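The sequence lines fix the lettering, A, B, ..., with proteins before strands; numbering per chain opens at 1. What you see is a predicted model, and the numbers here were worked out from it, not measured in a lab.
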2 protein chains.
Amino acid sequence: MKTKPPRLADVAKAADVSTATASMALNDTGGTRIGAGTRERVRAAAADLGYRPNRVASGLRTRRTHTLGFVGDDVATTPFSGQMIRGAHDAAREAGFMLLIVDTSGEAAETGEAVAALQERQIEGILLATMYHQVVKAPKAIATTPCVLLNARTPDGSASSVVPDERGGTLGLLAELTGAGHTRIGHITTTEDVEARAIRLATWRERVEANGLHSDDLLVEIDQATTRPAHAAALRLLDRPDRPTAVFCFNDRVAMGVYRAAAQLGLRIPEALSVVSYDDQELIAPELQPALISAALPHYEMGRWSVLELLRRLDNPEAATVQHLMPCPVVKRESVAPPR
Amino acid sequence: MKTKPPRLADVAKAADVSTATASMALNDTGGTRIGAGTRERVRAAAADLGYRPNRVASGLRTRRTHTLGFVGDDVATTPFSGQMIRGAHDAAREAGFMLLIVDTSGEAAETGEAVAALQERQIEGILLATMYHQVVKAPKAIATTPCVLLNARTPDGSASSVVPDERGGTLGLLAELTGAGHTRIGHITTTEDVEARAIRLATWRERVEANGLHSDDLLVEIDQATTRPAHAAALRLLDRPDRPTAVFCFNDRVAMGVYRAAAQLGLRIPEALSVVSYDDQELIAPELQPALISAALPHYEMGRWSVLELLRRLDNPEAATVQHLMPCPVVKRESVAPPR
DNA sequence: GTGAAAGCGCTAACAG
DNA sequence: CTGTTAGCGCTTTCAC
């Protein structure tokens, strides 16, 4: 049979002090009231017994559980989201916190239930993460528990949030192309209604039209941002004499389709066609030949930031909310060359 | 200022009963002692006040936190592991449990610390997950807390565990090839020392030699199971007159390299070369052309199973440990045809 | 400098 | 059928 773990009372008895003294000695609380010798005796006794505090008990007393809730919509499913969790996890751990993770379908009712279940467990704050960058309405939970939105923001700034700087990333990618001398830059995007699409598209359009070009001639839309439809779209965009000299792809899977189409049309990348893309997926961008220039989604950093912001709000609940844009670094590889 | 949430005492007062009665009415404990009318009154009062029990307090009293610990080595980083977490999460939720997740580097000391930190929080059991299928020595934690190993097993069966059935998956893949009439089946594998390699290689070798072939002639090893080295290896394996008519790849990234080499050598897949692979990665296997037949790693199911087993052990700590092999289903696609 | 005692919110004996 | 009471293990006044 397993023997019960030691309690604070056992440590106190071993060190021949009261539980109050033992508690203060171990937690460095109570100012100078604990003598150095006493403190050492208690410490030694604790180490000796292999004492580990029961955080449920101390949590009940102090109302601090050192635990944060992470609720994500399908978040554990996507390769990206692992990075958000990991960023949040690492920052939490550095501050002595742990993460209670709940995955939902994203429906409001289910999210509400998840938040309530976390609150029952007395988590100190909540991270609300979404799989794709989006705008959501303010969660009801903010009334009762500090919240930070991850990969989402509210329309009104009523909660702190962090999202990728899609505009900045797009400008960085386009700078790679214009820096090499391209002006006729095509874009293949999706018709899905997501923030990422809207911002990347608008930023590209603005740039292309600044060059005096008609953006509609250079744009192809597909209903799913995956390889197969992208391949067909790329054939349409590239199989004509006035084709663009460079293509900005909505994401890396689209870029895969473009590579395939280019091979089929006898267009060498980057000599005959430059390609840039978004997402920097580990299994795609560095593996394509030539390796693909792509703007990375800073999921890890966003995860970290969200926890730091949440902890800041725990310390200072009245602090103003902040909406953060996390830079999307452009990873430079070999898919761009000057136009011919 | 936010107002304090209602406690059980508030519900009891509103329903004009004692806290004991309120507790029993809400938890359906105490057998028939609570009258139906009383129960309804209490329920109504609780709903009315928006009462949510404080699980920290009840956990202190009952020693049941309805929380499991999930410790993984770098687990949140890989695309697979998300599925393990999700499987575990879903099974846990169905049983009213939540997951406290800790990510470690995999070092024993760090894992030990993580386990201790979880124990301080009074988790009821621990899932120990590894990123790659491997053999590990029995964790010390099993002495004090129920444990189940996920994607790993102990040499001595001292803990319950679940790992993918690599042998079964490999046999399924090879059956696709032999069923189509192939006998000269090559294999490209890694030299990395992992369980997956050893089992897939041994199973393939056994089959090939059962056909009276010399397996060394059909084997190429690379030091990293990624696309680029695989491409070079495939050129070596395929650019000769007595080349195999089919290739079994260690994983999908290797298969990507084989596809590229085949294209370069003018070998159409599947007409001139059949290809099967392992892992069934979402971004690769279905996206290649032709779509790749691959054996899936059942991470989601393994995650589920591990929680079910852990819960079983909580109910019955003396139950015998079980070592489970989870089938790896072969996903049939278009990369195999009869040899010419 | 230290100990005694109260109490965090809840559940489970024990009475009635 | 229901109420009273005693803790779960810890922290924190308050008194010495």
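Judged purely by atom type and a 3.5 angstrom limit, A:Gln323 uses its side chain to pair as donor or acceptor with the backbone of A:Ala159. In this structure, the side chain of A:Thr130 engages the main chain of A:Asn151 through a donor-acceptor pair within 3.5 Å.
Among the nucleotides C:dG9, C:dG3, D:dC10, the one closest to any side-chain atom of B:Ala57 is C:dG9. Distance from the side chain of B:Arg61 is smallest for D:dC8 among the nucleotides D:dT2, D:dC10, D:dC8. For B:Asn54, counting side-chain heavy atoms from C-beta on, the closest listed nucleotide (C:dG9, D:dG9, D:dG7) is C:dG9. Proximity note for A:Arg63 (side chain, C-beta onward) versus D:dT12, C:dC8, C:dC10: the nearest is C:dC8.
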* **Residues B:Thr321, B:Ser158; criterion side-chain contact (heavy atoms from CB on, under 4.5 Å); working and verdict** => CA-CA 7 Å; B:Thr321 64; B:Ser158 53; over 6 Å; no
* To do: Please lay out, stage by stage, how A:Val322 and A:Glu309 fare under the test side-chain contact (heavy atoms from CB on, under 4.5 Å).
  => CA-CA 8 Å; A:Val322 359; A:Glu309 169 65 9; 3.6 Å; yes
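Under 4.0 angstrom from either OP1 or OP2 of C:dT2 there lies at least one side-chain N or O belonging to A:Thr38. The side chain of B:Ser23 contributes an N or O atom lying less than 4.0 Å from OP1 or OP2 of C:dT11. A sub-4.0 Å separation between OP1 or OP2 of D:dG3 and a side-chain N or O of B:Thr21 is present. Put simply, B:Tyr51 has a side-chain N or O that comes within less than 4.0 Å of OP1 or OP2 on C:dC10.
Each ring pair (Phe, Tyr, Trp, His ring centres under 6.0 Å) pair with one or both residues in residues 89-117 of chain B, not counting sequence neighbours, appears once here: B:His66-B:Phe97.
Residue B:Asp10 contributes atom CG, which lies 14 Å from atom C1' of C:dC8 at whole-angstrom precision. Look at CZ on B:Arg121: it is 18 Å from P on D:dG9, rounded to the nearest Å. As rounded to whole Å, 13 Å separates atom C1' of D:dT11 from atom CZ of A:Arg55. Whole-Å rounding puts the B:Asp16 CG to D:dC1 C1' distance at 15 Å. Rounded to an integer number of Å, the gap from CG of A:Leu8 to P of D:dG7 is 18 Å. We find that CG of B:Leu26 is positioned 17 Å from P of C:dG9, with the value rounded to whole Å. When rounded to the nearest whole Å, the span between NZ of B:Lys13 and C1' of C:dG9 equals 14 Å. Atoms CZ (B:Arg41) and C1' (D:dT2) sit 11 Å apart, rounded to a whole Å.
For the residue pair B:Thr144 / B:Gln119, a side-chain donor-acceptor distance below 3.5 Å is found, with atom types taken as modelled. Under the 3.5 Å distance criterion, with hydrogens and angles disregarded, no donor-acceptor pair is assigned to the side chains of B:Gln122 and B:Thr65. When only modelled atom types and interatomic distance are considered, A:Asp73 and A:Tyr132 share no side-chain donor-acceptor pair under 3.5 Å.
Nearest-nucleotide assignment on DNA chain D puts the 5′-proximal partner with B:Ser18, out of B:Leu60 and B:Ser18.
Axis orientation changes by 50° from one end of the helix from C:dG1-D:dC16 to C:dG16-D:dC1 to the other, with each end axis drawn from 5 pairs and the value rounded to 10°.
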Pick out the pairs of N or O atoms, protein on one side and nucleotides 13-15 of chain D on the other, that lie under 3.5 Å.
| residue | atom | partner | partner atom | Å |
| --- | --- | --- | --- | --- |
| D:dC14 | N4 | A:Arg33 | NH1 | 3.2 |

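A:Val56 comes within 4.0 angstrom of nothing in the nucleic acid, heavy atoms only.
Between A:Asp28 and A:Arg43 there is a salt bridge, since at least one side-chain N of the basic residue sits less than 4.0 Å from a carboxylate O of the acidic one.
Within a 6.0 Å radius of CG in A:Asn27, more than 12 heavy atoms belonging to other residues, nucleotides or ligands are found.
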